[in-house]
Peer 1: 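This is the structure I want to talk about, given as structure tokens.
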Amino acid sequence: MDQAALATKLDVPVSVVRGWESGSPEEPLDLTGLAGVAAALSTSIADLVPAPEDDLTDGVRLQLPEEDSSVVGRRGGMDYYVYRSLVRSPSVPMLVPLVVDVLVDDPERAEFNGGHAAHEFIYVMEGSVHMQWGDETAPKTADLPTGASIYISPHVSHTFTALGGRNARLLSVNF
């Protein structure tokens with residue numbers, strides 16, 4: 001397919017397609033444009049971008065404790081979670097394993113996240129948590145003790161607060 005045919009199929013000027021192909025800063029190709037190109041070519045975005053760099057050594061990638069990359073997640077003006085990113089690899093970009101410390105212990109101060117684009121698996125490692133999900137005005141709830149696990153579908157709004165007046169720790173795997 002030439003540039004003119006692709007431009008017609010995408011309903012954009014030929015100059016836009018030309019700019020995308022040349023890497024022009026005046027016509028940057030964003031994710032929406034890339035999705036349109038993939039659809040016009042009856043393929044996937046993954047088929048249009050380079051394969052990720054292999055960062056594995058004989059099929060393994062290690063992350064040592066000194067490589068900890070913790071981030072404090074704030075919601076509603078307060079420190080809500082501490083996210084500790086576990087080992088990741090660009091060869092599986094959608095796999096996001098985290099250890100999450102739940103800092104808030106008052107369900108009345110719960111702040112929903114709006115949901116994730118990925119599937120999520122949660123395992124309660126320490127403490128207990130009060131989980132809320134769904135409609136923020138009338139959420140469904142569950143109290144989860146140490147050892148409990150839960151699966152959350154993509155785009156389901158949810159939140160966790162610690163129970164018992166102490167922090168809780170979760171293993172979260174998004175994929």
Peer 1: Can you list every side chain to side chain donor-acceptor pair (under 3.5 Å) pair that touches residues 27-37, not counting sequence neighbours?
Peer 2: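 The answer is none; no pair qualifies.
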Peer 1: Going by heavy atoms in the side chains, are Val129 and Leu170 under 4.5 Å from each other?
Peer 2: yes
Peer 1: Applying salt bridge (charged side-chain N to carboxylate O under 4.0 Å, His left out) as the test, list every pair that has at least one member in residues 73-100; sequence neighbours left out.
Peer 2: Arg74-Asp79, Arg84-Asp101
Peer 1: Which atom pair, heavy atoms only, marks the closest approach of Ser89 to Leu56?
Peer 2: OG-CD2, 3.8 Å
Peer 1: So, Gln63 side chain and Ser85 main chain: donor-acceptor pair closer than 3.5 Å or not?
Peer 2: yes
Peer 1: Remaining members of Val173's ILVMFWY cluster at a side-chain heavy-atom cut-off under 4.5 Å?
Peer 2: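 ILVMFWY cluster around Val173 also holds Leu86, Val92, Leu95, Val99, Phe121, Tyr123, Met125, Tyr151, Leu171, Phe175.
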Peer 1: When Ile, Leu, Val, Met, Phe, Trp and Tyr are grouped by side-chain heavy atoms lying under 4.5 Å apart, directly or through other members, which residues fall in the same group as Phe112?
Peer 2: none
Peer 1: Identify whether Val87 and Leu98 are in the same connected component of the hydrophobic contact network (ILVMFWY, side-chain heavy atoms under 4.5 Å).
Peer 2: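 Hydrophobic grouping puts Val87 apart from Leu98.
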Peer 1: Taking everything shown except Asp11 itself, do over 12 heavy atoms lie less than 6.0 Å from its CG?
Peer 2: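 No, not enclosed.
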Peer 1: Looking at Leu64, is its backbone amide N or carbonyl O close enough to the side chain of Glu67 to form a donor-acceptor pair, meaning the two atoms are under 3.5 Å apart?
Peer 2: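 Confirmed, Glu67 side chain pairs with Leu64 backbone.
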Peer 1: Any chance CD of Glu66 has more than 12 other-residue heavy atoms, nucleotides or ligands included, within less than 6.0 Å?
Peer 2: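 Enclosed: over 12 neighbouring heavy atoms sit under 6.0 Å from CD of Glu66.
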Peer 1: Are the side chains of His119 and Val156 in touch, meaning some heavy atoms are under 4.5 Å apart?
Peer 2: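 No. Closest side-chain heavy atoms not under 4.5 Å.
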Peer 1: Quick one: side chain to side chain donor-acceptor pair (under 3.5 Å) partners of Ser69, sequence neighbours excluded?
Peer 2: none
Peer 1: With sequence neighbours excluded, what pairs up with Tyr81 under the ring-ring contact (aromatic ring centres under 6.0 Å, His included) test?
Peer 2: Tyr83
Peer 1: Between Ser128 and Ala168, which heavy-atom pair has the shortest distance, and what is it?
Peer 2: O-CB, 3.7 Å
Peer 1: Linking I/L/V/M/F/W/Y whenever any side-chain heavy atoms sit under 4.5 Å apart, do Tyr80 and Val71 land together?
Peer 2: no
Peer 1: Using the test side chain to side chain donor-acceptor pair (under 3.5 Å), find all partners of Asp54 that sit at least two apart in sequence or belong to another chain.
Peer 2: none
Peer 1: Got a sec, which residues hit ring-ring contact (aromatic ring centres under 6.0 Å, His included) with His116, two or more places apart in sequence or on another chain?
Peer 2: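 Counting only residues at least two positions away or on another chain, His116 forms a ring-ring contact (aromatic ring centres under 6.0 Å, His included) with His158.
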Peer 1: Just jot down the salt bridge (Lys or Arg N to Asp or Glu O under 4.0 Å) partners of Asp143, sequence neighbours excluded, or say none.
Peer 2: none
Peer 1: Can you give me the closest heavy-atom contact between Ala5 and Asp2, atom names plus distance?
Peer 2: N-OD1, 2.8 Å
Peer 1: Has Lys9 got a side-chain atom pairing as donor or acceptor with Ala40's backbone, closer than 3.5 angstrom?
Peer 2: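 It does hold such a pair.
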Peer 1: Ignoring hydrogens and geometry, is there a side-chain-to-backbone donor-acceptor pair from Ser149 to Ile122 under 3.5 Å?
Peer 2: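 Between the backbone of Ile122 and the side chain of Ser149 there is no qualifying donor-acceptor contact (under 3.5 Å).
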Peer 1: Indicate the atoms forming the closest heavy-atom contact of Arg166 with Asp105, along with that distance.
Peer 2: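 In this case the closest contact between Arg166 and Asp105 is N-OD2, 4.2 Å.
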Peer 1: Can you confirm whether Val104 sits close enough to Phe160 that some side-chain heavy atom of one is under 4.5 Å from a side-chain heavy atom of the other?
Peer 2: no
Peer 1: Ser172 and Val100: which non-hydrogen atoms are nearest, and at how many Å?
Peer 2: CB-CG2, 4.1 Å
Peer 1: For a quick check under 3.5 Å, do Ser24 and Ser22 share a side-chain donor-acceptor pair by atom type?
Peer 2: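 Their side chains do not contain a donor-acceptor pair, so the 3.5 Å distance test is not met.
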Peer 1: Asn113 and Ser157: which non-hydrogen atoms are nearest, and at how many Å?
Peer 2: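 Nearest heavy atoms, Asn113 then Ser157: OD1-CA, 3.7 Å.
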Peer 1: Under 4.5 Å between side-chain heavy atoms, chaining through other members, with only Ile, Leu, Val, Met, Phe, Trp and Tyr counted: pull out the rest of the cluster around Val72, sorted by chain and number.
Peer 2: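 Val82, Leu103, all in the cluster of Val72.
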Peer 1: For Glu126, check salt bridge (Lys or Arg N to Asp or Glu O under 4.0 Å) against everything at least two apart and list the hits.
Peer 2: Arg169
Peer 1: For Arg61, give me all partners under salt bridge (Lys or Arg N to Asp or Glu O under 4.0 Å), at least two apart in sequence or on another chain.
Peer 2: Asp55
